[in-house]
Amino acid sequence: MTIENMREAVRFIQAKTSVQPEVGIILGTGLSGLANEIEIIDIIEYEDIPYFPVSTVESHKGRLILGKLGNKPVVAMQGRFHYYEGYNMQQITFPVRVMKLLGISHLFVSNAAGGLNTTFDLANLMIITDHISLLPTNPLTGSNLAELGIRFPDMLDAYHPDLIAKAEAIAQEHNIEGVQKGVYVSVPGPNLETPAEYKYLSIIGADAVGMSTIPEVIVARHMDLPVFAVSVITDLCYEGKLKKATLEDILVVAGKAEPKLTKLMKQMVERL
Ligand code: HPA
């Protein structure tokens, strides 16, 4: 993907909408309810946008929502792309590049994740404080897009400390229950992990495991976009609680947590 590809996608979107988004939001599996809080102005299908991949997962709609959330102009991705779908990392992260070029100043991300930390419960929200990538490759592989960022971007404070603090304050003020903080690890999937793998992921320092988010965050940080990210704990992956996880179960739990996530994200956007 070249910068010209990105600019073409941006021109296409700008021709379809007058919204100039300040915040970009990526909605995770079963977590698109936040879109209902957006005062929608325009919807653009991914398949219409030049160079945009098209989501192959049924639980992910593939469209860009442009509108207002808490009076701020936002762009939300309803449906994201995963490595296991067969896309390369540049394709997965193309929408983040495009959102940055559309003018966003912050990226907010959500995902569904398995809980590794034994203090976590179903439908908890985990504010991501750091990550471990176990993905086989990296979206910055290849020649550096120097117009967008530096060759060796720093990953300290990848998840912005002020945004984390703000989220904790909002959770307290609004009595949002079951809000945790922790480290997110990304695996390629699409199979879930073996019990031995869950144990390993916990030992290396992860609190939740999923199959997304890190590529988008790396690209956002490459472009110096501040990131705020939340995992919804949809299944428990530690001894004593581990059981077969089906997509149906994961979606049910994600649905339960969704009002909490929506409240938190809406407040975060309002208070930027
Ligand atoms: N692993 C385990 N459980 C999960 C995952 C995962 O990658 N994603 C959502 N729940």
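Just follow the structure's listing: the first ligand is 1, and inside any ligand the first atom is 1. The first residue in the sequence is number 1, and the count goes up from there.
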Part of A113 with heavy atoms under 4.0 Å of ligand 1, whether side chain, backbone, both or neither: backbone
Which ligand 1 atoms does [X] reach within 4.0 Å, using its non-hydrogen atoms?
X	value
T234	9 (C), 10 (N)
Y198	1 (N), 2 (C), 3 (N)
G114	3 (N), 4 (C), 5 (C), 9 (C), 10 (N)
A112	8 (N), 9 (C)

All N/O donor-acceptor pairs, side-chain side in residues 104-116, below 3.5 Å, sequence neighbours left out:
| unit_1 | atom_1 | unit_2 | atom_2 | d |
| --- | --- | --- | --- | --- |
| S105 | OG | E22 | O | 3.2 |
| S110 | OG | I26 | O | 3.2 |
| S110 | OG | G28 | N | 2.9 |
| N111 | OD1 | S231 | OG | 2.7 |
| N111 | ND2 | T213 | OG1 | 2.8 |

Look at ligand 1 and say whether G189 reaches it with a heavy atom at a distance under 4.0 Å. no
To check your reading of the model: name the closest protein heavy atom to [atom], its residue, and the distance in Å.
atom	value
atom 6 (C) of ligand 1	V209 O, 3.5 Å
atom 1 (N) of ligand 1	E193 OE1, 2.6 Å
atom 10 (N) of ligand 1	D235 OD1, 2.7 Å

Exercise answer: donor-acceptor pairs, residues 1-8 side-chain atoms, under 3.5 Å, sequence neighbours excluded:
| unit_1 | atom_1 | unit_2 | atom_2 | d |
| --- | --- | --- | --- | --- |
| T2 | OG1 | E4 | N | 3.3 |
| T2 | OG1 | N5 | N | 3.1 |
| T2 | OG1 | N5 | OD1 | 3.3 |
| T2 | OG1 | N5 | ND2 | 3.4 |
| E4 | OE2 | R11 | NH2 | 2.8 |
| N5 | OD1 | T2 | N | 3.0 |
| N5 | ND2 | Y51 | OH | 3.4 |
| E8 | OE1 | Y51 | OH | 3.2 |

N-O pairing of [X] and [Y] below 4.0 Å:
X	Y	value
E168	K181	yes
R80	E216	yes
R271	E173	yes

Is it the case that R151 and H222 place a side-chain donor and acceptor less than 3.5 Å from each other? no
Just checking K72: does its NZ atom have more than 12 heavy atoms from other residues, nucleotides or ligands closer to it than 6.0 angstrom? yes
